[in-house]
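Okay, structure first, notes after.
These values consider heavy atoms only, across backbone and side chains, with no hydrogens, waters or symmetry-generated copies. Note on naming: letters A, B, ... go to the chains in the order of the sequence lines (proteins, then strands), and numbering restarts at 1 for each one.
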Number of protein chains: 2
Amino acid sequence: MSEIRSRSFVSAQMVADLAGVSRSAVSRTFTDGASVSEATRRKVLHAADSLGYHVNHLARGLIQDRSNIVCLVVSDVTTPFRARMLEILTSRLQSIDKVAMVINTGGDSDSVSTALQQALRFRADATVVLSGTPAASLVETCIASGQRVVLINRDDHLEGSENLAVDNEAAAREAVFLLRRAGCRRLAVVSSEADTPSLVARHQAFTAAAADAGAEATLVRVGPTSYASGVEAARRLFSRSNAPDGVFCVTDLLALGFMDAARHEFGLAIPRDLCVVGFDDIEQANWESYKLTTFAQPAAEMVDHIAALLSADNAEPAERRVFAATPVWRRTVRPNAL
Amino acid sequence: MSEIRSRSFVSAQMVADLAGVSRSAVSRTFTDGASVSEATRRKVLHAADSLGYHVNHLARGLIQDRSNIVCLVVSDVTTPFRARMLEILTSRLQSIDKVAMVINTGGDSDSVSTALQQALRFRADATVVLSGTPAASLVETCIASGQRVVLINRDDHLEGSENLAVDNEAAAREAVFLLRRAGCRRLAVVSSEADTPSLVARHQAFTAAAADAGAEATLVRVGPTSYASGVEAARRLFSRSNAPDGVFCVTDLLALGFMDAARHEFGLAIPRDLCVVGFDDIEQANWESYKLTTFAQPAAEMVDHIAALLSADNAEPAERRVFAATPVWRRTVRPNAL
DNA sequence: CCAAAGCTTGCACACGTGCGCAATGCCCGT
DNA sequence: ACGGGCATTGCGCACGTGTGCAAGCTTTGG
């Protein structure tokens, strides 16, 4: 039984032959709003079902001016916040009859270009860049080809792209306010060495806001944006003299590592000895061991907005849309009245 | 400036015109192993670059017997283990020149069928089912059409599908052994109400192994497979008399919730009062607040195996491949010599 | 009973590509 | 010089689909 396994998808022609109608009738049966009589429609559906026919979306995408494919460019999917964006985006896209093609850029900007090329090659209707910095020239090509390009948390506004961002500055200012109201004297901000625009914006805004308030904030940047980096940041901050008592971590993941090290390696009590504020509101921030006070990114709203952008087919002028990050009060910052 | 935004991808013909060659030459330039002289190749590449040309993979997939698309059917992407599988799978697929199309089934088995239909419609080379139970008839259609179908942690061996599984029974037996060696007298196993075959296999094997060892194990099944369910399971187990002192949680996520509730709500010390064993070895299991002793699923090896399956084009007889889950020793089980 | 109008249906073209086939040009050995 | 072999090139077909157009059929109104 060494039969050759070759592709043998059933085509509309085969369905038409079995149903005794023309191929057009088959095509119309599976096209919304096309004119088919109920009788032939039933014949076609019956034949299609018994043959296991499914419309070839590759061929359909060749004819129509949309492939119903949306490319998601992302790196580091294991990061809880990214995973959540993926979760919401994929199911939301399906609800508007599109399908997600996920391209993992593995971090380096070189492969972001590769990702955009894949988006072009598969004639994606749109490309959503969740992480990484795309080459401007490729973005131009995408837009010139009629693709939509959605950039999330990028500073550089590329001509013709849609931009979503979170108001990092406001959140960072509010973090300073919360920590100082809790009575914290020595502030610090923990970030990573990644040059992600949103992370840089957060720690820069934090130090600026601290300076405005007459306080000084030490900045620590460690490795990648991970739990381990949070641990390492705590080691650096608490090994030196003049250790901070109020810390803003630009990411929940950093905050959780930071808290664990502060507690278990340095015996600090949170929020008594140390107040911590995070950013993202990942699921783990609400775990009993952490109960991290943090800023929630409105992931669902952002995805809704993206879905609306992709559904609307009018060539509206690309606008930058800013979302507010709202504080989620838990137990790592002392309450107002100290 | 109300110009209509219409799809205007550049085709091979346009490149050919600009380069002064035939369209075939353009096609061959972008086809591996085709015969093109260095001179025309350069002309074509130059023209393609200045026009922003990218091969249309939809059209290519129409001709060839492979689309280079692999469909990943998954639900609940935020679950750390699923996110890790996605992370590894997407990047591994890219390394063998395939691209991942992710279909989120949102849990219900109805949409698993929808997912398989999408895989058929986009003429995917293969479909990898990471979660959910696909309808047998649709799987048959996929295989009859020449698609590969890879099922992960499914019991029912569907004809023609490739099956990967983890040796849940062996791990569950070893969990019993570890807990009894640590001196635990009253065993329990925490699972969810989901009918995922692998989870059911784990808790069934655990109770069976416990019975073999002359011990009895209480089984608690709570809601979905989540952190919150672990919390709830702990509440149920420790509110009753005869509380367990050795618990196997069929998932790390359950274990972490279970530990947090045991510690913070019931004041138990781990591993002194209570030993806990998990399964999956997600990143959070290694966090300082948990340091969970668990069984590691060999995600990378499984993905390598999938990649090998998809690269090989021989129609080898579908075989069920079982991977061993190896114990990762951390700090939630008392060491051997008590 | 007839004309007009509406609904269905089949034909044929187009989408962008890979590849088989034949033709052309070039190089080399005798 | 000449024939044979080889690399390169262009032509044209095929892939599976959506859709405009015209023809056929059915219904309706008078």
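- With C:dC11, C:dG18, D:dC11 as the candidates, the nucleotide lying closest to the side chain of B:Arg28 is D:dC11.
- Using a 4.0 Å heavy-atom cutoff across all strands shown, A:Phe30 reaches no nucleic acid atom at all.
- Of the candidates C:dG16, D:dG20, D:dG10, C:dG16 carries the atom nearest the B:Asn56 side chain, counting heavy atoms from C-beta on.
- A:Thr40 has no side-chain polar atom (N or O) that falls below the 4.0 Å cut-off from OP1 or OP2 of C:dT8.
- For D:dG16, the base has no donor-acceptor partner in the side chain of B:Arg123 [N/O atoms by modelled type, under 3.5 angstrom].
- Under a 3.5 Å cut-off, the side chain of B:Arg60 and the backbone N or O of B:Arg66 do not form any donor-acceptor pair.
- If you check D:dT17, C:dT9, D:dG10 against the side chain of A:Ser11, the one that comes closest is D:dT17.
- Formation of a donor-acceptor pair under 3.5 Å by the B:Asp125 side chain with backbone atoms of B:Val70 is not found in this model.
- At the phosphate of C:dT9, neither OP1 nor OP2 sits under 4.0 Å from any side-chain N or O atom of A:Ser22.
- Listed pair B:Ser27 / C:dG18 meets the phosphate criterion, a side-chain N or O lying under 4.0 Å from OP1 or OP2.
- Across the interface with DNA chain D, nearest-nucleotide mapping of A:Val55 and B:Gly20 shows B:Gly20 to be the residue nearer the 5′ end.
- Checked against D:dT17, C:dG10, C:dT17, the side chain of A:Ala25 finds its nearest nucleotide in C:dG10.
- A 4.5 Å side-chain heavy-atom check between A:Leu86 and A:Val102 finds at least one atom pair inside the cut-off.
- Using a 4.0 Å heavy-atom distance criterion, A:Ser37 is classed as a sugar-phosphate-only contact.
- Residue A:Ser24 places none of its side-chain N or O atoms closer than 4.0 Å to OP1 or OP2 of C:dG10.
- Within the 4.0 angstrom heavy-atom criterion, base atoms lie near B:Ser35.
- Side-chain N/O atoms of B:Gln64 include one lying less than 4.0 angstrom from OP1 or OP2 on C:dC19.
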